[in-house]
Amino acid sequence: MNKSDYIFGIRAIIEAIDAGKEIDKVLMRRELGGDLGRELSAKLREHDIPVQKVPVEKLNRITMKNHQGAIALISPVGYHRLDQLVPTLFEEGRMPLVMILDGLTDTRNFGAIARTAECAGFDTIVIPERGSVSVNGDAVKTSAGALLHLPVCRVRSVAEAATYLMESGFRIVGASEKGAIPYTEADYTGPTAIVMGAEDTGISNEMLRRCDTLAAIPIKGNIGSLNVSVAAGIIMYEALRQRAVAGF
């Protein structure tokens with residue numbers, strides 16, 4: 001990890017938050033207490049910054065300097081609010097395309113999906129705050145810089161985000177080998193959110209219940225599934241193809 005990717009020390013982190021620095025999450029020693037530690041915890045709650053409690057050994061692997069039990073990981077970009085972005089897209093006369101990543105954890109897959117999404121004209125990628133990839137230097141590099149151009153919305157719950165999109169007139173299409181129809185038969189011409197699941201478990205049950213359509217990519221070989229970034233690319237360009245045929 002480069003030194004520019006993190007801030008260490010309780011007071012330094014508090015000052016960074018007050019200065020408006022974009023913080024991805026804070027790694028905090030499990031036993032951290034004291035007045036300053038409580039002040040930092042309150043500040044993190046106030047600004048809704050994710051916190052991960054970790055053993056001190058993990059912090060020491062990042063830096064042996066006096067981190068005081070807390071290290072903040074810096075995001076190279078600012079996250080967007082989905083409930084602010086979507087109305088803007090409609091006001092601009094767009095037919096929005098959204099990619100929802102439900103529990104994706106591999107940074108390289110994230111970067112590859114973001115690169116394809118930007119090339120295919122998607123309007124945003126939605127990721128959850130916890131248990132998921134985030135926008136860091138490796139993701140930006142893997143995306144060939146696409147994450148510097150494509151808005152990323154980080155939400156508390158991707159299932160709740162899907163509900164919001166449904167209420168806003170979106171069709172929710174989940175990519176799953178359990179899909180009842182081929183991916184080419186799903187309709188992507190209206191406002192659409194495509195859901196890609198985690199590398200190992202796929203789309204969560206909570207998210208599956210919110211999908212209008214489950215679409216499958218045919219598998220003809222012996223391997224049971226495609227890499228998630230490859231599958232996402234196939235579906236994204238099918239959406240692009242359908243929209244081109246529809247004249248927009």
Side-chain angles (χ1 to χ4, degrees), residues 1-85 101-111 113-114 124-143 145-161 198-201 204:
M1 186 180 296
N2 297 323
K3 291 182 179 179
S4 61
D5 292 339
Y6 63 88
I7 298 170
F8 61 87
I10 297 175
R11 177 56 63 191
I13 295 172
I14 291 173
E15 291 176 355
I17 295 170
D18 289 339
K21 193 78 172 177
E22 192 68 39
I23 294 176
D24 184 51
K25 67 179 175 180
V26 171
L27 305 180
M28 185 181 293
R29 180 167 55 87
R30 286 172 180 160
E31 306 83 8
L32 186 65
D35 291 342
L36 204 55
R38 286 189 286 273
E39 182 182 348
L40 173 60
S41 295
K43 187 74 67 174
L44 296 172
R45 287 193 298 271
E46 178 187 349
H47 291 268
D48 204 21
I49 297 171
V51 179
Q52 183 179 346
K53 296 293 183 71
V54 298
V56 69
E57 290 80 9
K58 181 166 184 175
L59 302 175
N60 291 340
R61 285 197 295 270
I62 297 174
T63 179
M64 288 302 295
K65 294 184 178 180
N66 186 20
H67 51 66
Q68 300 176 298
I71 295 175
L73 306 184
I74 305 302
S75 174
V77 302
Y79 292 105
H80 294 251
R81 286 189 48 157
L82 187 64
D83 59 353
Q84 293 178 351
L85 179 62
L101 302 182
D102 180 21
L104 202 75
T105 57
D106 189 290
T107 298
R108 292 168 296 178
N109 284 333
F110 179 35
I113 290 171
T124 186
I125 292 179
V126 178
I127 59 173
E129 286 181 354
R130 303 179 189 280
S132 172
V133 292
S134 58
V135 181
N136 57 29
D138 287 341
V140 172
K141 182 178 180 181
T142 307
S143 76
L147 285 167
L148 301 177
H149 303 283
L150 179 66
V152 177
C153 297
R154 189 166 65 170
V155 297
R156 289 186 179 182
S157 164
V158 289
E160 291 177 3
E199 292 90 347
D200 53 348
T201 58
S204 65

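Heads up: numbering here begins at 1 and tracks the sequence. Note that the structure is predicted; figures quoted are calculated from it, not measured.
Distance OG1/T63 to OH/Y6: 4.5 Å, rounded to 0.5 Å. Separating the CG atom in D35 from the CG atom in L40 is a distance of 12.5 Å, to the nearest 0.5 Å. Atom CD1 of residue I113 and atom CZ of residue R108 lie 13.0 Å apart, to the nearest 0.5 angstrom. Remark: R130 CZ to K25 NZ distance equals 10.0 Å, nearest 0.5 Å. Within the model, atoms NZ of K21 and CD1 of I74 stand 5.5 Å from one another, a figure rounded to the nearest 0.5 Å. The CE atom of M28 lies 12.5 Å from the NE2 atom of H67; values are rounded to the nearest 0.5 Å.
Annotation: side chain of P50 is in contact with side chain of R154 (closest heavy-atom distance under 4.5 Å). Residues K53 and L32 are not in side-chain contact: their nearest non-hydrogen atoms beyond the backbone lie 4.5 Å or more apart. When side chains are defined from C-beta on, I7 counts as touching I13, because their heavy atoms get closer than 4.5 Å. I127 is listed as a side-chain neighbour of Y79, based on a closest heavy-atom distance under 4.5 Å. In this structure, L44 and I17 have side chains that are in contact, with non-hydrogen atoms separated by less than 4.5 Å. A heavy-atom distance below 4.5 Å is found between the side chains of Q52 and K58.
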Given L59 and R29, is the side-chain contact (heavy atoms from CB on, under 4.5 Å) satisfied, shown in steps? CA-CA 8 Å; L59 302 175; R29 180 167 55 87; 4.0 Å; yes

Evaluate side-chain contact (heavy atoms from CB on, under 4.5 Å) for I71 paired with V26, printing each intermediate quantity in order. CA-CA 6 Å; I71 295 175; V26 171; over 6 Å; no

Take V152 and V126 through the side-chain contact (heavy atoms from CB on, under 4.5 Å) test and state the conclusion after the steps. CA-CA 6 Å; V152 177; V126 178; over 6 Å; no

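Side-chain atoms of E199 come within 3.5 Å of backbone atoms of D106 as a donor-acceptor pair (strictly under, hydrogens ignored). Not one N or O on the side chain of H47 forms a donor-acceptor pair closer than 3.5 Å with the backbone of I49. Under a 3.5 Å cut-off, the side chain of Q68 and the backbone N or O of I10 do form a donor-acceptor pair. No donor-acceptor pair under 3.5 Å is formed between the side chain of S75 and the backbone N or O of G78. No side-chain donor-acceptor contact under 3.5 Å links T201 to the backbone of A198.
Counting all heavy atoms, side chain and backbone alike, A114 lies closest to A146 at O-CB, 3.7 Å. Closest non-hydrogen pair, L147 versus S143, comes out as N-OG, 3.2 Å. Counting all heavy atoms, side chain and backbone alike, G137 lies closest to P76 at N-CG, 4.3 Å. Smallest separation of non-hydrogen atoms from I23 and A72: CG2-CB, 4.1 Å. Closest heavy-atom contact between K43 and I14: CE-CG2, 4.1 Å. Annotation for C153 and T124: closest pair SG-OG1, 3.5 Å, computed over non-hydrogen atoms.
For the side-chain contact (heavy atoms from CB on, under 4.5 Å) with I125, the qualifying choice from V133, L104, V135, L150 is L150, the only one to do so.
Between E39 and R11, at least one side-chain N (NZ, or NE/NH1/NH2) sits under 4.0 Å from a carboxylate O, which counts as a salt bridge.
Within the structure, the side-chain hydrogen bond (donor to acceptor under 3.5 Å, both in side chains) test picks out the following pairs touching residues 133-142 (sequence neighbours left out): D24-S134.
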